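As structure tokens, the structure follows; a few thoughts come after it.
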Amino acid sequence: MHRSLQGSLDWSYDLLSPDDRDGFNRLGVFEGPFLAAAATAVLDAESEIAAVDALRRLAGASLLQVFPGEDSRYRLLETMRLYTRAHLSDAGAWDDVVQCHDRYYRDRCGELRDTVFGTGRTAARVAIEAELAEYEAAFDRLTTAERFDEALEMAWPLGHVWLFSGKLDQGINRLEGLIDRSGGSETRSRADTLTAASFLLMYANRYDQAIGWADEAAAIYRKIGDEQGLAYALARRGHLAFSVGDVPTALELLQESLEICGRIGYEEGAAWPLTLIGQARLWAGDESDEVREMLEEGRRRFVAMGDTFGRMHANMFIPNVGEQP
């Protein structure tokens, strides 16, 4: 059976043009489903249109699966993947193709960085989840190769995906290893990584370590003058303080976060401090209209961002919580 399959693949492979053989081999770098934009980078194609044409030819030769949609996805069967990787290895091309692959996904994380701070967070998460195996493979290779600066650039959006997809342990293990091995650099990407990791740790009930990482992140953001990052990190740190019962510290941090958000026009970032301040005051017995307005404003901003988790959190503490938008 193995010889028959090998013969069938050899026959189909030999029918391809030299360019399509090379393209087919290069697609073996993918771990799972991938989009045309990623294929364009891996194939080193002139344009996405040219890449799609090549993908269609390979699909027509029954060498590639296609999942049609608004953003069509493509996938090699495992037998095809192993076959192409053997050819890449024999040709000594594996490392070059891997670099194209990993550079593309690292750059995509950089492009998505700012969107994760606000209304684009849900769309960014969906986009990453569509090719999550590829992002994770690139992240793991960069970390293993001690290319820490590049791995740190991927950690911010990936950390949010691991959190909201329920992959806490996977995310924590990866980020903890990267943070420990990458030293104490004071860069924006390290602060982003610490902030994302502290959020994951909070939901794993590892509060002491989460607080330490959130404090380090806030210190870096302050030093480099990144006020948006600082506002986000302070909100996370305030949430942590609230979680361990330190309400005075929580209110101080959340108020500073809220003030920064107002000063720089970071409306989406105000959702968490508004909601958590309202929650703290409500727990202290304050059921005033002002508290209700804070909670409802936090919920409104979560709804605008498509942040279901935040919206649910706000809803729990609004008086007469059965009132839905």
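Note that this is a predicted model, so its numbers are computed, not measured.
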Which distance, rounded to the nearest 0.5 Å, do you find between the OH of Y74 and the CZ of R56? 6.5 Å
F164 meets the ring-ring contact (aromatic ring centres under 6.0 Å, His included) criterion, sequence neighbours left out, with none
CZ/R190 to CG/D149 distance, rounded to the nearest 0.5 angstrom? 10.5 Å
Look at the side-chain heavy atoms of Ile, Leu, Val, Met, Phe, Trp and Tyr, link any pair under 4.5 Å apart, and say whether V303 and M312 land in one connected group. no
Expected list for residues 59-73: side-chain donor-acceptor pairs under 3.5 angstrom, two or more places apart:
residue, atom, partner, partner atom, Å
S72, OG, G69, N, 3.4
S72, OG, G69, O, 3.4

Please test T122 against M305 for side-chain contact (heavy atoms from CB on, under 4.5 Å), starting from the C-alpha separation and ending with a verdict. CA-CA 8 Å; T122 299; M305 288 188 289; over 6 Å; no
Can you run down the salt bridge (charged side-chain N to carboxylate O under 4.0 Å, His left out) pairs that involve residues 15-30, sequence neighbours left out, and say none if there aren't any? D20-R57
Atom CG in L200, atom CG in L175: separation rounded to 0.5 Å? 6.0 Å
Hey, is CG on D208 packed in by over 12 heavy atoms from elsewhere, all under 6.0 Å? no
Listing request: all ring pair (Phe, Tyr, Trp, His ring centres under 6.0 Å) pairs with a residue in residues 120-141, at least two apart in sequence or in separate chains. Y105-Y135, F139-W162
Looking at side-chain heavy atoms only, is the closest gap between M294 and E297 below 4.5 Å? no
Reported CZ-to-NE2 distance for the pair R236 and H239, which is rounded to 0.5 angstrom: 6.5 Å
Residue set satisfying ring-ring contact (aromatic ring centres under 6.0 Å, His included) with F30, at least two apart, ordered chain then number -> F34, H101
Side-chain contact test, heavy atoms from C-beta onward, threshold under 4.5 Å: evaluate it for L58 versus L16 and give yes or no. yes
Assess the residue pair E176 and R206 against the criterion (salt bridge (Lys or Arg N to Asp or Glu O under 4.0 Å)); give the C-alpha distance rounded to whole Å, side-chain angles, the decisive distance to 0.1 Å, and a yes or no. CA-CA 12 Å; E176 190 170 27; R206 292 170 59 179; 3.0 Å; yes
Within a radius of less than 6.0 Å around CG of D169, do more than 12 heavy atoms belonging to other residues, nucleotides or ligands occur? no
Can I get a per-line list of side-chain donor-acceptor pairs under 3.5 Å for residues 218-225, giving both atom names and the distance, sequence neighbours left out?
residue, atom, partner, partner atom, Å
Y221, OH, D192, N, 3.2
Y221, OH, D192, OD1, 2.4
R222, NH1, E256, OE2, 2.9
R222, NH2, E256, OE1, 3.1
R222, NH2, E256, OE2, 3.0
K223, NZ, E186, OE1, 2.6

Tell me whether I49 at atom CD1 has more than 12 heavy atoms from other residues, nucleotides or ligands lying less than 6.0 Å away. no
N-O pairing of E78 and R85 below 4.0 Å: no
Distance col, row Y203:OH vs L168:CG, nearest 0.5 angstrom, shows 10.0 Å
Just jot down the ring-ring contact (aromatic ring centres under 6.0 Å, His included) partners of Y266, sequence neighbours excluded, or say none. none
Side-chain heavy atoms of R106 within contact of D102, under 4.5 Å: no
Would you list the atom pairs, donor with acceptor, under 3.5 Å between side chains in residues 272-282 and any protein atom, with sequence neighbours excluded?
residue, atom, partner, partner atom, Å
T275, OG1, A271, O, 2.8
Q279, OE1, H313, NE2, 2.8
R281, NE, D286, OD2, 3.1
R281, NH2, D286, OD2, 2.9
R281, NH2, E290, OE1, 3.2

Pairwise side-chain contact, Y13 with N25, heavy-atom cut-off 4.5 Å (strictly under): yes
For S89, check side-chain contact (heavy atoms from CB on, under 4.5 Å) against everything at least two apart and list the hits. none
The criterion is side-chain contact (heavy atoms from CB on, under 4.5 Å); which residues satisfy it with E146, sequence neighbours excluded? F148, R181
State, yes or no, whether a side-chain contact exists between L112 and W156 at a heavy-atom distance under 4.5 Å. no
For the hydrophobic clusters of this structure (ILVMFWY residues joined by side-chain heavy atoms under 4.5 Å, transitively), does one cluster hold both I128 and L35? no
Which side-chain N or O atoms in residues 244-254 pair as donor and acceptor under 3.5 Å with protein atoms at least two apart or in another chain?
residue, atom, partner, partner atom, Å
D246, OD1, T249, N, 3.3
D246, OD1, T249, OG1, 3.1
D246, OD2, T249, OG1, 2.8

Can you check whether Q170 reaches E136 side chain to side chain, under 4.5 Å on heavy atoms? yes
Checking R263 against I260 for the side-chain contact (heavy atoms from CB on, under 4.5 Å) test, could you report, in this order, the C-alpha distance in whole Å, the side-chain angles of both residues, the deciding distance, and whether it holds? CA-CA 5 Å; R263 185 171 67 247; I260 294 172; 3.7 Å; yes
Got a sec: does the CG of D14 have more than 12 other heavy atoms crowding it under 6.0 Å? yes
As an exercise, state the distance from CG of L132 to CZ of R125, rounded to the nearest 0.5 Å. 11.5 Å
Does the side chain of S288 reach to within under 4.5 Å of the side chain of V291, using non-hydrogen atoms? yes
Given the rule in the side-chain contact (heavy atoms from CB on, under 4.5 Å) test, do V42 and E134 qualify, once you have shown the distances and angles that lead to the verdict? CA-CA 12 Å; V42 166; E134 307 309 324; over 6 Å; no
Pairs where residues 39-52 contributes a residue and the test side-chain hydrogen bond (donor to acceptor under 3.5 Å, both in side chains) is met, not counting sequence neighbours: none
Chi angles and distances behind the salt bridge (Lys or Arg N to Asp or Glu O under 4.0 Å) call for E296, R300: CA-CA 6 Å; E296 288 183 337; R300 184 190 68 77; over 6 Å; no
